[in-house]
Structures are given as structure tokens and as C-alpha cells.
Enquirer: 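Here it is: the structure, laid out below.
Proteins get letters first, then strands, A, B, ... in listed order; numbering begins at 1 in each.
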Amino acid sequence: MAHTQDFDLKTLIRELLQATLGGEYSAHEEDSVLIISESWEGYSDEGVSLDLQDIPEVLLNWAQLDVSQGPDVNELLVLDLETTGLGRGNTLAFLIGLGYFEDGKYKVEQIFLPEPDAELNSFDRLIELLETHSVLVTFNGKSFDIPVLESRLLYHRIWLNLREKEHIDLLHMARRLWKNTLPSCALESLEYYVMGVLRDPEFDIDGGQIPQAYGEYLMSGDVEPLLKIVKHNQLDIIYTMALMVIICDALRLPIEVGKDARVDYHAVARLYQSQGQKDVAKQILCEMKDLSIATVESVHELGQLCKRDKELEEAQHCFEYGAALSHPPSLLALAILLEQTKEYEQALEYTEQLLSQQQSLPLPDLRQLHDIDKRRIRLQRKIAKKAHK
DNA sequence: TTGCACTCATATGATACCAA
DNA sequence: TTGGTATCATATGAGTGCAA
């Protein structure tokens, strides 16, 4: 009798769930999962672009993807989990959010567990999509989503080597591009500062409250709080792709320096430089200078690249720009360059300026002071020798 | 030839920070 | 709350160029 009551209650909650969240139950005979799908063409309801044409090579290289395969956008699978906690051991992934392109539209598919017992069945659709999409796209997925998923799959004795799968984790690329210009590189911060959108607390839930909200649903059967969780996950999948679109647009060659105010072009130059494309980096830094959007740091870096290419006059101009603003690395670079070109008097002038600047710091770096002083003494010696001749 | 300064590549350890 | 990642700072060594 009690079993019949349990069964009826379970059926009732499942009907309520579907009526509230929408979607369809999977075809499993027992413990089916609720799959909620929605598609967008071009833009999301929030107005962010989901129009991804291709993936720039520099991004593929950075993510150590096989560039020769040239994965197209239809190979991408965005993944984001909602779980019962941050741990790896007993954490349940009760909502698997997935995003991919299909027939020119961006489709978000969410697999929800009405009860924890349905977890095994949630993996069928996930594995299907993993088999047809070669590149994972996540936000902090390397540290969180993938380890959680692997641990849950292992618990069910399913062996899937997700760590070997090609993977673009946008958190780290976002940090490279915005860590110097934004207060934080959390997804919500990027949404606000880069995408220009703000989540409405009336329809969304704070990530930290999600485990508790799912727990309350399991205890009470109240499905209302789940609406916010599903919306939260849907927005995560949408904004992860929107971020991918912005990053790809910012990195695509030729770089249109200054075109997009959201882009830190110095960071773009550094990325190209780190991937061995120093000429692209130099071109970007040069254009920043020409457009008067350069910083003292970007001009200094341009100077170093010019020096590498033996364009000493241009390098000197760059270092002089920074030296005029008392930028310590520029003062040092200028002193080194002038010593190399045998302009010892000038080199000494900048060395002494740097020395007095460093000495006046509240906590001077003693080793650096020692090095600068050594340079000062050497230059004095060279000047004296020159005078003797 | 020697010594010094610098550049570049590589290795290692510490750190920050992001996810629910 | 935990754990994983990339980055940064630092150290080291090989190689190069220059002056004496």
C-alpha cells in the first residue's frame, strides 16, 4: 500500500515537473530523465550574439587542439553541470546543460534528474552528444565539471576518458584577455562587463544556493525553485557560447585594433606573442600606439620587439616614451639600449633616475638596487675611459 | 682569451581564483 | 566549503656579442 502511495507521489511530482519546466521524459522504462530543449538563431533572448563563424588558429593552438583537423563550429559541445556541491566524491550532477549548433541554430539541451536514482539514465544522451561532437567548451570545466562527471561515470562503472577529449576551457582564456582590465573573471563579471547583460534575480539563482534548492525540492516536492536553477543553467550555456563568440571575434586575423572597446588589445598581442607570432603582436602594439590607445606597458613591449628586430631607433622612441612617464622597466630598457649604442652619458642619466626612484620606494628591492648601482658604476668607468682617449 | 652583460629556453614552486 | 588549472616569479644554463 505504502509502495503504491510512493509511486503515485512520484508520478504526481513528475507530472508537475514537466508542467512547470517543460521538456520531454526520456524513453527509459524506469527512472527516465527530463530533457528540456530550446534553440536560438543568431541572438539569444538577452540580445547576445550566438553567431560563431569559425575558430581562430591562435585559440586552437593555445588550447592545444589539432589545428590540421580545423574543427568547425558544429563540432563544439558546451557543457555545464549543476551539482549538489563543490566536492568530487559524493557530489551529484542533477542537471547537465549542453549547447551545440544544429541546422544553423544554437540548441540548448538540459538533462534533469527528477530523482537521484535516475542519474545513470542521464548519461545516455550525454554520451551520444559526446560521440558526435569532438571539442568540449566549458567555463572552468577542466577543474570542476570534468572531474565531477568522471567521478559520477566511474561510480556507475562507465569508463570515458574525458580528460583526453579536446577541450577549450574559456575561464583561462578569459583570464588571459581580461585579468588586467576587469575586477574579476568569473562568468557573471564577464557577462556584465563584456557582454553587457545582468541576470535578473527574479528568474535566476546564485550558484552557491543551488545545492540547497535541489535538496529542498527532493525533501518537499516543491518544483518552483527548480525554475530558477534551470534558467541559471540555460544562461550559463548561452553565455559560455556568447563568450566564445566574443573571444573568437577578438582574435580573428586581421586584428582590427581599436574596433571593439571590450577588447584589451595588449592582451591579444601578448597571446599572439606567446604562441610564437611575434610579428602579429608587434603589428597590434604598433597600431595601438598609432591610434593613441597604447599604455606605457604596451609601448614598452613594442620597444622590446623592435629591439629584437634590430630597429633600435624605434625601440629607443618607445623606451623614451615610458621613461618620460617614469616607468621603471622603460628606464632600465633605455639605459641598456643606450649603453649598447655607446651613449654612456645618457645611459648614466637614466640609470641614476631609476636608482633614485627605486631608493625612494617604501620597500625597495635590494637586489634590484644592487644591479642598478652596478650598472651606474660601470657606466661611470666607461665615461671616464672615453674621456681619457 | 677572458670576463661581463644580455637573450632565450626550460624547469620548478607558489599563487590566485573559479566552479556549485 | 575543495580541487585543478594556468600563470607568474624565480633560478639555471647555454649561447652570443663585445671590450680589453
Side-chain angles (χ1 to χ4, degrees), chain A residues 62-64 78-97 136 138-152 162-163 167-180 182-191 204-216 225 228-230 232-233 235-237 239-240 243 267 270-271 273-276 278 304-305 307-310 312 315 329 332-333 335-342 344 347 351 365 367-368 370-372 374-379 381-386 388-389:
Chain A
W62 169 82
Q64 295 177 314
V78 176
L79 170 79
D80 180 61
L81 305 179
E82 306 308 327
T83 70
T84 54
L86 280 177
R88 307 292 182 266
N90 295 319
T91 299
L92 176 77
F94 66 85
L95 179 61
I96 302 172
L136 272 173
T138 64
F139 193 84
N140 200 29
K142 285 191 177 179
S143 301
F144 182 70
D145 302 75
I146 296 306
V148 168
L149 208 47
E150 271 193 346
S151 121
R152 296 315 299 169
L162 290 172
R163 282 168 212 261
H167 187 167
I168 302 173
D169 188 335
L170 292 179
L171 164 67
H172 306 291
M173 179 45 72
R175 277 200 187 139
R176 282 198 82 126
L177 295 179
W178 287 289
K179 75 164 186 250
N180 290 328
L182 297 188
S184 139
C185 283
L187 186 58
E188 205 177 337
S189 171
L190 294 163
E191 287 165 19
D204 200 354
I205 184 170
D206 181 70
Q209 294 176 338
I210 288 173
Q212 195 187 346
Y214 184 67
E216 278 167 16
K228 284 187 175 183
I229 300 179
V230 169
H232 175 88
N233 179 254
L235 288 177
D236 280 350
I237 299 292
Y239 292 145
T240 300
L243 182 63
R270 272 197 298 259
L271 176 69
Q273 198 176 336
S274 75
Q275 297 304 307
K278 294 187 177 176
Q304 295 290 11
L305 289 172
K307 189 180 160 186
R308 179 202 64 143
D309 289 343
K310 308 272 186 271
L312 299 186
L332 179 63
I336 291 172
L337 183 67
L338 288 167
E339 185 177 351
Q340 285 169 351
T341 54
K342 298 186 176 55
Y344 301 134
T351 304
D365 181 335
R367 225 183 79 176
Q368 205 183 357
H370 173 259
D371 287 347
I372 300 166
K374 213 167 86 179
R375 182 177 302 278
R376 184 181 64 85
I377 293 163
R378 188 177 66 240
L379 283 165
R381 200 174 54 231
K382 286 186 178 179
I383 290 167
K385 233 166 218 179
K386 209 168 133 188
H388 249 83
K389 282 185 179 172

Enquirer: Using a 4.0 Å heavy-atom cut-off across all strands, classify Asp371(A) as base, sugar-phosphate, or nothing.
Expert: nothing
Enquirer: How close or far is atom C1' of dT5(C) from atom NE2 of His167(A), stated in whole angstroms?
Expert: 11 Å
Enquirer: Please check this pair: side chain of Asp169(A) against backbone of Lys142(A), looking for a donor-acceptor N/O pair closer than 3.5 Å.
Expert: yes
Enquirer: List every contact pair, protein side and nucleotides 1-3 of chain C side both N or O, where the distance is under 3.5 Å.
Expert:
{"unit_1": "dG3(C)", "atom_1": "O4'", "unit_2": "Arg88(A)", "atom_2": "NH2", "d": "3.3"}

Enquirer: Check the distance between dT5(C)'s P and Ile146(A)'s CD1 and give it to me in whole angstrom.
Expert: 11 Å
Enquirer: Could you state the atom-to-atom distance from OH of Tyr239(A) to P of dA19(B) in whole Å?
Expert: 15 Å
Enquirer: Please give, in whole Å, the distance from dC18(B) P to Ile210(A) CD1?
Expert: 17 Å
Enquirer: What does Lys374(A) touch in the nucleic acid at a heavy-atom separation under 4.0 angstrom: a base, only the sugar-phosphate, or nothing?
Expert: sugar-phosphate
Enquirer: May I ask you to say what Asp169(A) touches in the nucleic acid, namely base, sugar-phosphate or nothing, with a heavy-atom cut-off under 4.0 Å?
Expert: nothing
Enquirer: In chain order, what residues pass the salt bridge (charged side-chain N to carboxylate O under 4.0 Å, His left out) check against Arg176(A), with sequence neighbours excluded?
Expert: none
Enquirer: How many Å lie between CZ on Arg376(A) and C1' on dA5(B), as a whole number?
Expert: 18 Å
Enquirer: Please determine whether the number of non-hydrogen atoms from other residues, nucleotides or ligands lying under 6.0 Å from atom CD of Gln340(A) exceeds 12.
Expert: yes
Enquirer: For the side chain of Ser184(A) and the backbone of Ser189(A), is there at least one donor-acceptor N/O pair under 3.5 Å apart?
Expert: no
Enquirer: For Glu188(A), does the CD atom sit with more than 12 other heavy atoms under 6.0 Å from it, leaving out its own atoms?
Expert: no
Enquirer: Whole angstroms only, please: what is the CD-C1' distance between Glu191(A) and dA19(B)?
Expert: 13 Å
Enquirer: In this structure, how many angstroms lie between the C1' atom of dC4(B) and the CD1 atom of Ile336(A), rounded?
Expert: 13 Å
Enquirer: Answer yes or no: is there a side-chain heavy-atom contact under 4.5 Å between Leu162(A) and Leu149(A)?
Expert: yes
Enquirer: Quick one: does any side-chain atom of Thr240(A) pair with a main-chain N or O of Ile237(A) as donor and acceptor, under 3.5 Å?
Expert: no
Enquirer: May I ask you to verify if any side-chain N or O of Lys342(A) is less than 4.0 angstrom from the OP1 or OP2 atom of dC18(C)?
Expert: no
Enquirer: Whether the side chain of Thr84(A) engages the backbone of Leu92(A) through a donor-acceptor N/O pair (distance < 3.5 Å, no angle test) should be reported.
Expert: yes
Enquirer: Just checking Thr138(A): base, sugar-phosphate only, or nothing, at a heavy-atom cut-off of under 4.0 Å?
Expert: nothing
Enquirer: Just by protein heavy atoms under 4.0 Å, how would nucleotides 6-12 of chain C read 5' to 3' in B, S and -?
Expert: SSS--S-
Enquirer: If I take atom CG in residue Leu337(A) and atom P in nucleotide dA5(B), what distance separates them, rounded to the nearest angstrom?
Expert: 17 Å
Enquirer: Can you see which heavy atom on Ser143(A) is nearest to which on Pro147(A), and at what distance?
Expert: O-CG, 3.5 Å
Enquirer: Using a cut-off of strictly less than 4.0 Å, decide whether Arg375(A) has a side-chain nitrogen or oxygen near OP1 or OP2 of dC6(B).
Expert: yes
